[in-house]
Amino acid sequence: MAVEITELTAGQHDSIPELIQPYSAFPKKIEGPTVWDATEYAKDPTKWKRRWTPELIAGLEEAYSKFEKSGLDITSITKETFPLPANVTAFLKEIRSLIIDGQGFILIQGLPTTEWSVLKSSAIYLAIGTIIGYVLSQNGKGHVLGHVKDLGNDPTQIHKVRIYSTNARQYFHTDAADAVGLLCLHRAKEGGESDVVSAHAVWNALQAERPDVAELLVKDNWYFDRKGEVTEGLNGWVKRSVFYLHEGRVSSHFDPYFVRSIGRHVEAGLIPGHSKEQLEAIEVLEQTAQKLALHCILEVGDIQFVADTHVFHARTAYTDYLSPAPRRHLLRLWLSVPVSEGGWARPFPFDDRKKRGGIQVGNQRETCPLDGE
């Protein structure tokens, strides 16, 4: 049985030209809790690590038992259909605050997923996500529960293959959401580890060392491919900036794979290609992020939440164990945090929507597959 979710994901759209601020309006240096030093954080993991206590886990399991008895499908999970106990909610609200207005990432350790079925792990994870924000569709199939897993796809076919479905390296990027969550069900044999970096620290470094690159990145002339996941009548790309200044905050939107895969649109004469200066800017951005990044390892049962507004994240390439051992498998959530509930305003259409962002194709309904597809 399912409860009908009436509001669809808003999807990707061009930024609003009238709201794009010139480079001269941007700060030379950003200060505050969104700017952090990886060396300092590596020395003090208490800044960015939390752990589920036995009492919190018991609360999650009790809440799941009640939800299971309701007979509802996991696509129906909301704060109302899967209420979490007060202690769990308070624990997650503190984390939510750090994600939205603090350093922008957190690692929560110790969820006993090896003792749970995939269904139970998925349901509890979705319920945890409801305290952070609202789930978004992550692809043209309407998946609100994503599966980061090597499905054997060719990572060189970047015009149609999403890199999360391969074992290739993922360069520093943001997702099409306000926050992304990753729950580790199985680790790889080698690699597949996470790096995070303050996008505001990257901005400060660019302003100090390569202001020419910073200026390029705020211009509204970057094309991001939709990789074929597009509603009829819309362009196969969106036109945006990498850094925005809107309502006093600098936010970011970037994925180099989506920038590099626009070739077929350029060849068709539909859009101009990126300049050699822009292509260099991509490399400088990646190198700067690598230099300033914090390395994280997700163990089985760990959840990483990352703010897509002011943190870039990356993943190393990986090698899986041979069959019959399980392949590396992470459950992913894309979450919207509406402006009305404390989220950052951005210069995009439908910015006031509850489920802004994500990927929406036509009227595709939300789905929650329990494995990659």
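One-based numbering along the sequence shown. Being a predicted model, the structure only gives us computed values, none of them experimental.
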Inset, instruction - Indicate the atoms forming the closest heavy-atom contact of Val196 with Trp36, along with that distance. - result: O-CH2, 3.6 Å
Inset, instruction - Measure the CZ-NZ distance between Phe105 and Lys47 for me, rounded to the nearest 0.5 Å. - result: 10.5 Å
Inset, instruction - Take Lys66 and Glu61 through the salt bridge (Lys or Arg N to Asp or Glu O under 4.0 Å) test and state the conclusion after the steps. - result: CA-CA 9 Å; Lys66 292 178 181 177; Glu61 293 193 307; over 6 Å; no
Inset, instruction - Report yes if the distance between the aromatic ring centroids of Tyr223 and His265 is under 6.0 Å, otherwise no. - result: no
Legend entry - Test: Lys227 and Asp225 ion pair at under 4.0 Å: no
Legend entry - NZ/NE/NH1/NH2 to OD/OE distance under 4.0 Å, Lys276 and Glu283: no
Inset, instruction - Step through it carefully: locate the ring centre of Phe26, locate the ring centre of Phe243, and say whether they are under 6.0 Å apart. - result: no
Legend entry - Gap separating the CG atom of Leu111 from the SG atom of Cys184, nearest 0.5 angstrom: 11.0 Å
Inset, instruction - Output the distance between atom CG (Leu136) and atom CZ (Arg353), rounded to the nearest 0.5 Å. - result: 11.5 Å
Inset, instruction - Report the C-alpha separation of Tyr244 and His253 in whole Å, then their side-chain angles, then the decisive distance to 0.1 Å, and conclude whether the ring-ring contact (aromatic ring centres under 6.0 Å, His included) test is met. - result: CA-CA 8 Å; Tyr244 292 95; His253 168 85; 7.4 Å; no
Legend entry - salt_bridge(Lys141, Glu366) N-O dist < 4.0 Å: no
Legend entry - Of all pairs that satisfy ring pair (Phe, Tyr, Trp, His ring centres under 6.0 Å), the ones with a partner from residues 73-103, not counting sequence neighbours: Trp52-Phe91, Phe67-Phe82
Legend entry - Listed partners of Tyr164 passing side-chain hydrogen bond (donor to acceptor under 3.5 Å, both in side chains), at least two apart: Asn139
Inset, instruction - Flag yes if Phe312 and Leu217 sit in one hydrophobic cluster, no otherwise; membership is Ile, Leu, Val, Met, Phe, Trp, Tyr, and two members link when side-chain heavy atoms are under 4.5 Å apart. - result: yes
Inset, instruction - Please report the shortest heavy-atom distance between Lys79 and Thr130, naming the atom on each side. - result: CG-OG1, 3.4 Å
Inset, instruction - Locate the shortest heavy-atom distance separating Gly357 from Thr9; write the atom from each residue and the value. - result: O-CG2, 2.8 Å
Inset, instruction - Could you list the residues that satisfy ring pair (Phe, Tyr, Trp, His ring centres under 6.0 Å) with Tyr321, not counting sequence neighbours? - result: none
Legend entry - Between CZ on residue Arg187 and CG on residue Leu330, distance to nearest 0.5 Å: 10.5 Å
Legend entry - Worked verdict on Phe254 versus Phe172 for ring-ring contact (aromatic ring centres under 6.0 Å, His included): CA-CA 8 Å; Phe254 184 64; Phe172 282 97; over 10 Å; no
